[in-house]
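A short worksheet on the structure shown next.
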Amino acid sequence: NLIEVIKNCDNVQDTTIEDTNVLLSAQSLHVTRTLFSSKIIITDENIEAAKALITQYKLDMPSFELALETIKNSTSS
C-alpha cells in the first residue's frame with residue numbers, strides 16, 4: 001500500500017485508486033509535499049496551494065491549520 005501511496009501522490013486527481021485508505025493517504029501526502037517546498041521552507045504560496053488541495057480533497061482543514069500554527073510557534077521560539 002505504501003508504494004501505491006507514493007506512486008500516486010502527485011497525480012491523485014488522475015488515478016483510479018479504489019482503496020479509500022490508500023486514496024486518503026495519497027491525498028494527505030500530496031498536501032504535505034505541496035506545503036513543504038524542496039527546501040523545507042513554508043511560504044504563503046505553499047500554504048495557499050496546500051489549503052486548496054485540502055478543500056479539493058475534502059480533508060480536515062481545522063487540523064491542518066492547528067498543525068501549521070504549531071509549526072509556526074515552534075519555529076519562532
Side-chain angles (χ1 to χ4, degrees):
N1 285 345
L2 180 59
I3 293 171
E4 287 297 311
V5 169
I6 294 169
K7 182 174 82 173
N8 291 296
C9 75
D10 286 329
N11 63 339
V12 177
Q13 307 89 300
D14 300 329
T15 190
T16 56
I17 300 173
E18 293 183 16
D19 183 330
T20 55
N21 289 329
V22 172
L23 178 62
L24 181 60
S25 296
Q27 290 171 335
S28 297
L29 182 56
H30 188 194
V31 169
T32 302
R33 290 182 70 185
T34 299
L35 176 62
F36 293 102
S37 68
S38 60
K39 297 177 183 175
I40 315 295
I41 297 172
I42 299 175
T43 65
D44 290 340
E45 188 175 275
N46 293 2
I47 292 170
E48 291 309 311
K51 285 183 174 184
L53 289 172
I54 290 168
T55 300
Q56 177 182 341
Y57 298 148
K58 297 179 176 77
L59 298 175
D60 185 357
M61 185 68 75
S63 292
F64 172 80
E65 290 174 335
L66 179 61
L68 187 59
E69 194 61 36
T70 301
I71 291 168
K72 287 180 178 180
N73 288 339
S74 70
T75 59
S76 66
S77 300

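No experiment lies behind these values; they were computed from the predicted model shown.
- Separating the CD atom in Q13 from the CG atom in L53 is a distance of 7.0 Å, to the nearest 0.5 Å.
- The shortest heavy-atom contact between C9 and R33 is SG-NH1, 3.1 Å.
- Cluster annotation: I3 is not connected to V22 through the hydrophobic network of ILVMFWY side chains, with a link wherever side-chain heavy atoms come within less than 4.5 Å.
- For the residue pair I17 and N8, the shortest heavy atom distance occurs at CD1-CB, 3.7 Å.
- Note that CD1 of I54 is 8.5 Å distant from OG of S28, once rounded to the nearest 0.5 Å.
- Under the 4.0 Å criterion applied to side-chain N and carboxylate O atoms, E69 and K72 are not assigned as salt-bridge partners.
- Cluster annotation: L66 is not connected to V31 through the hydrophobic network of ILVMFWY side chains, with a link wherever side-chain heavy atoms come within less than 4.5 Å.
- Once rounded to the nearest 0.5 Å, the distance linking CG of L24 with OH of Y57 reads 11.0 Å.
- Distance check: D10 CG to T15 OG1 gives 11.5 Å after rounding to the nearest 0.5 Å.
- Looking only at distances, no side-chain donor or acceptor of N46 sits under 3.5 Å from a matching main-chain atom of I42.
- Taking CD1 of I47 as the reference point, atom OG1 of T34 lies at 12.5 Å (rounded to 0.5 Å).
- Note on residues 42-56: pairs passing salt bridge (charged side-chain N to carboxylate O under 4.0 Å, His left out), not counting sequence neighbours, are K51-E65.
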